[in-house]
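Have a look at the structure below before the remarks.
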Amino acid sequence: MDSNASLRSIPSVDQLLKSASATAAIERYGRQALTEALRATVADMRNEVRKGHNVPGQEVIMVAALARLDAGGRSTLRPLFNLTGTVLHTNLGRALLAQAAIDAATEAMHEAVALEFDLESGKRGERDDHLRALVCELTGGEDATVVNNNAAAVLLVLNSLGAGREAIVSRGELIEIGGAFRMPDIMARAGVNLVEVGTTNRTHTKDYINAVGPNTGLMMKVHTSNYRIEGFTKEVGARELASIAREKGVPLVNDLGSGTLMDLGRFGLAHEPTVREAVSDGADVVTFSGDKLLGGPQAGFIVGRKTLIDVINKNAMKRALRVDKIRLAALEATLQLYRDPDRLCERLPTLRLLTRSRDEIDAQAQRLAPVFVRALNGAFNVSVVACESQIGSGALPLSTIPSAGLALTPVDGGGGKLAGLAAALRQLPMPVIGRIERGSLLLDMRCLDDEAGFAANLAGIDPSFKEGTDDEPS
Ligand SMILES: *Cc1c(COP(=O)(O)O)cnc(C)c1O
């Protein structure tokens, strides 16, 4: 056959749509999607035939078109197994929600709700009414509001209290959190003039006092959760700073970042400053995240003096940064759990994962080791190892907790094999994400809940993982 005759013998899209397998595919994906997939597939096949390949039959084209539809229909926001050892991993979506929060959010999605409607008076209500009392009860604050995330909270507070004026911050606290949250940039965007005081390692009371002038809008304290300054250091504590701010008549804003509502020491974890402490230390406004240690959905809380919260609520930016009914429902249900601290650990996934004991995790790793030995077919050594989990990634990388996991090490060395294995695990129906550490792929089992599902998923690993070459970067 000459090339033109070959091209003409490729089944047409119309013919393909009339085939028996097309009927089932239309039922599943819809006629329009199937037609487009067939068109694209036939176009590809024509190019192949022009290059001298054989003319494909109907079934071959149909299989290719269905594969195209499957790939296009698969969510890129896929659930995965987070075995990185970082419990609140920003790139993996941070906190897992409590069942109560999921139920509340689901209900709010299904139904109309009294979002800004006062059921008692029948008049307009406020979005913040749903959380205000609960947040104040749990933090000791006078008033509270909530916005999209803590970055938004900081931006809104700075703009509301300091636009066109100065904000005094220690040079030791000018943080950058991952994802382009940099305090000097946020200040600039908020229209606030940053006044840096002290030095990187030492800031004194007098530095703050000397910086206050007629144009001071606020003083700010930032919790530096993702780095530590050690050695010859000095910082002014929140309580002392509050007394300076009060004396000078300017508000003190404390950005806690993670801002836990419970003393984590109670659960055997390192102490993180609680929101209640920040409020009682005298901050006028405290900001913190909803999806870090608090264990809820993404949100930014602003807690503090009523007069200041009023100013913040009147800022036109507030409307652009507000949260919807779904998140409000999930936040309310999450906060309710804090009223029963005795059962918080079992109900709040973040806390449950953070407090899993090393022994329990180790036992889980021991149970899963043989599953990996089978799946990896002798190409990797599988050993149960002690490791350290992190509370957070961008936010709290310094706080580590003893954990256990599996170290998968190529039998004949080679970083390419490791990269190949990591890629094969990412390609599983439910991707598995670990971390490469000292020549092994380390899978920290702290965040693994569904052990049986994990084992079944692993059985589907693509055996080509062994073929990684040593030149590949790991
Ligand atoms: C995490 C963090 C933020 C940003 O909070 P998001 O909820 O990620 O927007 C701001 N400040 C501090 C100190 C933080 O730790």
Side-chain angles (χ1 to χ4, degrees), residues 86-97 131 135 144-159 161-162 167 169-190 192 194 218-229 235 237-238 241 252-261 264 270-275 277-279 281 283 285-304 312 317-318 320-324 327-328 330-331 334-335 350 390-399:
T86 300
V87 178
L88 297 167
H89 199 300
T90 298
N91 297 350
L92 302 182
R94 291 197 188 157
L96 309 180
L97 295 203
L131 294 182
V135 174
T145 185
V146 64
V147 288
N148 179 56
N149 57 12
N150 190 37
V154 172
L155 178 71
L156 179 63
V157 168
L158 289 173
N159 181 264
L161 307 182
V169 190
S170 160
R171 289 197 167 91
E173 297 177 3
L174 290 172
I175 58 162
E176 172 179 317
I177 310 274
F181 179 90
R182 310 176 90 197
M183 200 48 86
D185 299 345
I186 296 283
M187 292 255 175
R189 285 288 169 180
V192 173
L194 168 62
L218 59 110
M219 285 171 48
M220 186 164 196
K221 179 135 194 85
V222 186
H223 180 48
T224 57
S225 54
N226 63 353
Y227 63 98
R228 204 177 278 147
I229 298 176
E235 78 169 300
L241 205 50
L252 173 67
V253 175
N254 190 345
D255 176 26
L256 274 187
S258 203
T260 170
L261 297 178
L264 295 181
H271 180 80
E272 265 287 307
T274 66
V275 181
E277 282 164 10
V279 169
D281 278 347
V285 174
V286 181
T287 53
F288 55 100
S289 291
D291 56 353
K292 290 183 184 167
L293 283 170
L294 196 140
Q298 178 184 297
F301 286 91
I302 304 171
V303 173
I312 290 163
M317 259 189 199
K318 170 79 191 298
L321 303 173
R322 74 184 187 186
V323 294
D324 69 314
R327 271 198 281 166
L328 275 178
L331 283 169
T334 305
L335 291 173
T350 298
Q390 284 184 4
I391 293 185
S393 46
L396 293 155
L398 296 177
S399 320

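Counting starts at 1 for both ligands and their atoms, following the listed order. None of these values were measured; they are calculated from a predicted model. Sequence positions, counted from 1, serve as the residue numbers for this chain.
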Which ligand 1 atoms are under 4.0 Å away from a heavy-atom of [X]?
X	value
His223	13 (C)
Ser289	5 (O), 6 (P), 7 (O)
Ala151	4 (C), 5 (O), 6 (P), 9 (O)

If I compare all heavy atoms of [X] with all of [Y], which pair ends up nearest, and what's the gap?
X	Y	answer
Asn150	Ser289	CB-OG, 3.2 Å
Lys292	Thr350	O-CG2, 4.3 Å
Leu293	Leu88	N-CD1, 3.6 Å
Val286	Ala278	CG2-CB, 3.9 Å

### Query
Is it true that Ile177 lies under 4.0 Å from ligand 1, counting heavy atoms only?
yes

Heavy atom under 4.0 Å from ligand 1: found in [X]'s side chain, backbone, both, or neither?
X	result
Ile175	side chain
Ser225	side chain
Arg94	side chain

#### Entry: Short N or O distance, Asp255 and ligand 1, threshold 3.5 Å exclusive
yes

### Task
Decide whether an N or O pair under 3.5 Å exists between Phe181 and ligand 1.
no

### Query
Taking only residues two or more places apart in sequence, or in another chain, which ones meet Arg189 in a side chain to side chain donor-acceptor pair (under 3.5 Å)?
none

### Summary
By side chain to side chain donor-acceptor pair (under 3.5 Å), Thr145 pairs with (sequence neighbours left out) Asp128, Asn313, Lys318

### With Met220, the side chain to side chain contact (heavy atoms under 4.5 Å, CB included) member among Asp255, Asn254, Leu194
Asp255

### Summary
Ranking Lys292, Gln298, Met183, Lys221 by closest non-hydrogen atom to atom 1 (C) of ligand 1, top hit is Lys292

